[in-house]
Amino acid sequence: MNRIIALDATQKVGERISASGWVHSRRDHGGLIFIDLRDHSGLLQLVVNPETPEAFKVAEELRDEYVVKVEGTVRERAAELRNDKIPTGGIELAVDNVVILNRAETLPIQPFAEAQANEELRFKYRYLDLRRPAIQRMLKKRADMYRQIREYMDARDFTEITTPILANSSPEGARDFLIPSRLQDGKFYALPQAPQQFKQLLMVGGVPRYYQLAACFRDEDPRADRLYGEFYQLDCEMSFVEDGEEVRAMMDPLVKQLVTDFAGKELFFGDEIPRIPYREAMETYGSDKPDLRFDMKLIELTDAFANTEFGVFKHAECVKAICVKDGASLSRKQIDHFTEIAKNEGAAGLAYITYENGEVKSPIAKFLSSEELAAITEKTGAEDGYTVFFGADKRDIVNAVLGKLRSEFARHFGLKDSRKVALAWIIDFPFYELDTKTNKLDFGHNPFSMPKGGMKTLEETENKLDIIADQYDMVMNGYEICSGGVRNHNPEVLYKVFGLLDFSPEYVEEKFGAMLNAFKYGAPPHAGCAFGVDRILMELMDEQNVREVVAFPKNGSGVDVMMNSPSVVDPAQLSELGL
RNA sequence: GCGCCCGUAGUGAAGCUGGUCUAUCACGUCUCCCUGUCACGGAGAAGAUCGCCGGUUCGAAUCCGGUCGGGCGCGCCA
């Protein structure tokens with residue numbers, strides 16, 4: 001037996017066993033040495049006595065994190081010697097033989113101390129960081145999640161199929177990672193941003209249901225909830241599906257299972273997963289990925305101020321408010337902080353009124369009539385102790401500002417209950433949107449999704465911004481965790497959606513030739529989606545940063561500080577590639 | 001590319017309204033003592049040009065400018 005299997009040892013009192021692991025700590029009493037031996041299963045106390053002089057001599061030499069193999073007899077501890085803090089505290093191993101398998105220098109970080117080293121050092125010495133039980137647990141959890149996903153998908157006749165990693169550069173998406181081809185001079189592969197085209201081709205190829213825990217690669221700047229470079233998706237697709245609801249209903253039980261069985265959390269909406277149209281989400285929560293664990297809806301006040309004397313409200317395209325319970329407790333400094341956040345989102349400022357001791361206190365109250373104040377109170381439902389914050393600007397800006405503030409206020413007042421998970425599908429995304437910089441029409445989300453109503457809608461809709469895509473996202477506690485759609489499997493419609501953006505048929509053929517070609521030969525309607533498994537793990541394991549749920553993460557600059565990648569390569573390698 | 005924040009022994013923190021800072025504390029490391037500890041204990045020791053460069057000043061860890069590195073956010077992410 002080569003491992004501790006800590007709990008197992010408690011079953012072997014009186015038996016002679018061998019155990020291997022790391023020296024977690026050594027307590028040398030001069031005439032008696034205690035060693036906590038550690039492996040993945042936990043700790044086991046070893047006792048080395050001078051009566052076994054050879055073992056004792058070796059034990060005196062041991063230092064933290066030495067790798068050892070020991071032999072001895074498991075014995076029960078006397079009542080007063082038990083340690084109830086650890087599962088094996090009732091026993092100990094009386095050791096008579098100690099072999100040092102490997103020595104360890106003093107560690108550059110202390111993985112088992114209360115205060116962890118900063119992230120950069122932890123990642124530089126990730127192999128030491130990984131020894132922490134919390135990280136070991138995370139790795140097991142990820143594997144467990146993969147297993148649950150596979151069992152679920154397999155049971156529903158989805159076939160797991162791997163698609164190429166050496167793929168093609170895809171336009172209209174994120175920045176690609178390019179791989180020069182040695183055999184094809186001057187040409188490049190690209191790492192796939194997603195298996196999108198391959199999975200659609202699988203549908204044309206007669207695969208009824210496909211899934212894959214797919215590696216995806218995007219060369220874009222990271223965030224706390226977005227890894228640099230590579231990440232994993234549960235990618236899936238179903239043929240002969242013309243309504244996205246079929247896909248959503250297929251995946252709902254899996255996500256609920258992950259929340260309850262896997263993470264042990266409570267579903268905020270119980271068995272239901274609400275479907276919220278994009279437009280409604282934007283107007284009600286100011287976001288297409290709202291955190292629904294708290295209410296704090298955006299309240300429409302534009303009409304109430306149609307004839308106001310207050311210029312800021314009078315001339316704004318849109319006036320809305322959010323009502324913050326306990327807002328009166330905010331200090332001037334804190335309100336300034338939220339004002340900064342509002343300005344970051346494009347607001348000119350942040351007007352507010354506070355209800356305190358039966359009075360209204362506000363820098364803007366003097367500009368508002370008593371009727372207007374009454375309307376605010378009535379529409380927001382504000383009571384004593386509340387503060388109402390206003391957004392007045394173009395509608396999109398108001399929604400963005402108040403949506404951001406809604407989330408920040410919730411954080412400030414502790415409304416984000418980590419034991420609960422609010423899931424929702426955001427549906428009916430606009431097919432096109434206006435590029436704010438160029439003021440030109442652009443794809444809203446995914447150019448491969450089907451416009452609702454197909455060709456007829458594309459041709460007959462006056463304002464192209466009104467065209468709805470059969471496209472849906474799932475949100476979990478304010479994070480986008482899934483994106484999917486009913487695909488456009490009709491070549492004519494595909495030409496048309498690109499044509500409306502002035503892309504020529506030749507361009508479409510050049511970029512999506514394989515898929516267009518395939519669609520000519522009997523493509524079934526199909527739909528699917530892709531879940532971001534790293535982000536789901538992050539949220540379900542209460543991590544603030546998605547790097548925490550990855551074994552070997554890169555830092556924010558795309559550098560693996562442990563392996564020193566990326567790195568300079570041998571010029572001979574480059575010349576072989578013709579570079 | 002832009003904005004905000006951070007950088008002090010091996011690790012984590014304090015100091016940062018300039019002057020007993022000759023830089024403090026905890027953990028870790030090293031030496032010696034210790035037969036029931038489990039955050040072992042006791043005695044002692046080593047270890048920091050305060051990220052780097054420059055400036056202001058009689059004097060800079062502390063103030064200013066630049067630079068490098070990191071974190072968060074914006075842009076970006078079909």
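Labels below follow one simple rule: chain letters A, B, ... track the order of the sequence lines, proteins then strands, and each chain is numbered from 1.
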Pair [X], [Y]: side-chain N/O donor-acceptor within cut-off below 3.5 Å:
X	Y	answer
A/Thr461	A/Asp466	no
A/Gln212	A/Thr163	yes
A/Lys404	A/Ser287	no

Whole Å only: how far is the [atom1] atom of [X] from the [atom2] atom of [N]?
X	N	atom1	atom2	value
A/Glu340	B/C74	CD	P	15 Å
A/Tyr228	B/G71	OH	C1'	18 Å
A/Glu105	B/C30	CD	C1'	15 Å
A/Phe231	B/C77	CZ	P	13 Å
A/Glu220	B/G73	CD	C1'	16 Å
A/Gln196	B/C77	CD	P	16 Å
A/Asn555	B/G7	CG	C1'	15 Å
A/Gln544	B/G73	CD	P	11 Å

Detail all sub-3.5 Å separations between protein N/O atoms and N/O atoms belonging to nucleotides 46-48 of chain B.
none

Considering only nitrogen or oxygen atoms on both sides, find all protein atoms under 3.5 Å from nucleotides 9-11 of chain B and state each distance.
from: B/G10; atom 1: O2'; to: A/Pro108; atom 2: O; distance (Å): 2.7
from: B/G10; atom 1: N2; to: A/Gln110; atom 2: OE1; distance (Å): 2.6

For [N], which nucleotide in any strand shown is its Watson-Crick or wobble partner with both distances under 3.5 Å?
N	result
B/C58	B/G19
B/C25	B/G12
B/G44	B/C30
B/C74	B/G1

No-H, no-angle donor-acceptor pair, [X] side chain to [N] base, under 3.5 Å:
X	N	value
A/Arg218	B/C77	no
A/Arg223	B/G71	no
A/Asn344	B/G3	no

Give me, pair by pair, the N or O atoms of the protein and of nucleotides 23-25 of chain B that are less than 3.5 Å apart, along with how far apart they are.
none

Touch class at under 4.0 angstrom, heavy-atom based, for A/Ala224 against every strand present: sugar-phosphate

Pairs meeting criterion ring-ring contact (aromatic ring centres under 6.0 Å, His included) with involvement of residues 465-492 of chain A, two or more places apart: A/Trp425-A/Tyr472

Side chain to side chain contact (heavy atoms under 4.5 Å, CB included) partners for A/Leu441, two or more places apart: A/Tyr432, A/Leu434, A/Lys464, A/Leu465, A/Leu501

Side chain to side chain contact (heavy atoms under 4.5 Å, CB included) against A/Val95, all qualifying residues, sequence neighbours excluded: A/Leu46, A/Val48, A/Val70, A/Leu93, A/Val98

Of all pairs that satisfy salt bridge (Lys or Arg N to Asp or Glu O under 4.0 Å), the ones with a partner from residues 22-37 of chain A, not counting sequence neighbours: A/Arg26-A/Asp28, A/Arg27-A/Asp36

Residue pairs involving residues 50-67 of chain A (criterion salt bridge (Lys or Arg N to Asp or Glu O under 4.0 Å); sequence neighbours excluded): A/Arg38-A/Glu65, A/Glu61-A/Arg103, A/Glu65-A/Arg131

If I pick the [atom1] atom on [M] and the same atom on [N], what distance separates them, to the nearest angstrom?
N	M	atom1	value
B/U8	B/C16	C1'	10 Å
B/U57	B/A46	P	39 Å
B/A61	B/G7	P	15 Å

Phosphate OP1/OP2 of B/C72 contacted by A/Arg547 side-chain N/O (<4.0 Å): yes

Sequence neighbours excluded - side-chain hydrogen bond (donor to acceptor under 3.5 Å, both in side chains) pairs with any residue from residues 193-202 of chain A: A/Ser170-A/Gln193, A/Asp176-A/Gln193, A/Gln196-A/Gln200, A/Lys199-A/Asp235, A/Lys199-A/Glu237, A/Gln200-A/His526

So do the side chains of [X] and [Y] get within less than 4.5 Å of each other, counting heavy atoms only?
X	Y	answer
A/Phe338	A/Leu405	yes
A/Gln233	A/Phe531	no
A/Phe56	A/Ile33	yes

Proximal nucleotide (of B/G1, B/G71, B/C77) relative to the A/Asn545 side chain: B/G71

Candidate nucleotides B/G70, B/G1, B/U31, ranked by approach to the side chain of A/Ser557 - the nearest: B/G70

Per-nucleotide protein contact string for nucleotides 32-40 of chain B (B base, S sugar-phosphate only, - none; heavy atom under 4.0 Å): --BBBBBSB

By ring pair (Phe, Tyr, Trp, His ring centres under 6.0 Å) - contacts of A/Phe389 (at least two apart): A/Tyr352, A/Phe409

Can I get a per-line list of side-chain donor-acceptor pairs under 3.5 Å for residues 107-117 of chain A, giving both atom names and the distance, sequence neighbours left out?
from: A/Gln116; atom 1: NE2; to: A/Pro111; atom 2: O; distance (Å): 3.0
from: A/Gln116; atom 1: NE2; to: A/Ala113; atom 2: O; distance (Å): 3.0

Parallel, tilted or perpendicular, as decided by the 30° and 60° cut-offs, for the rings of A/Tyr125 and A/Tyr127: perpendicular

Geometric class of the A/Phe498/A/Phe512 ring pair [parallel <30°, tilted 30-60°, perpendicular >60°]: tilted

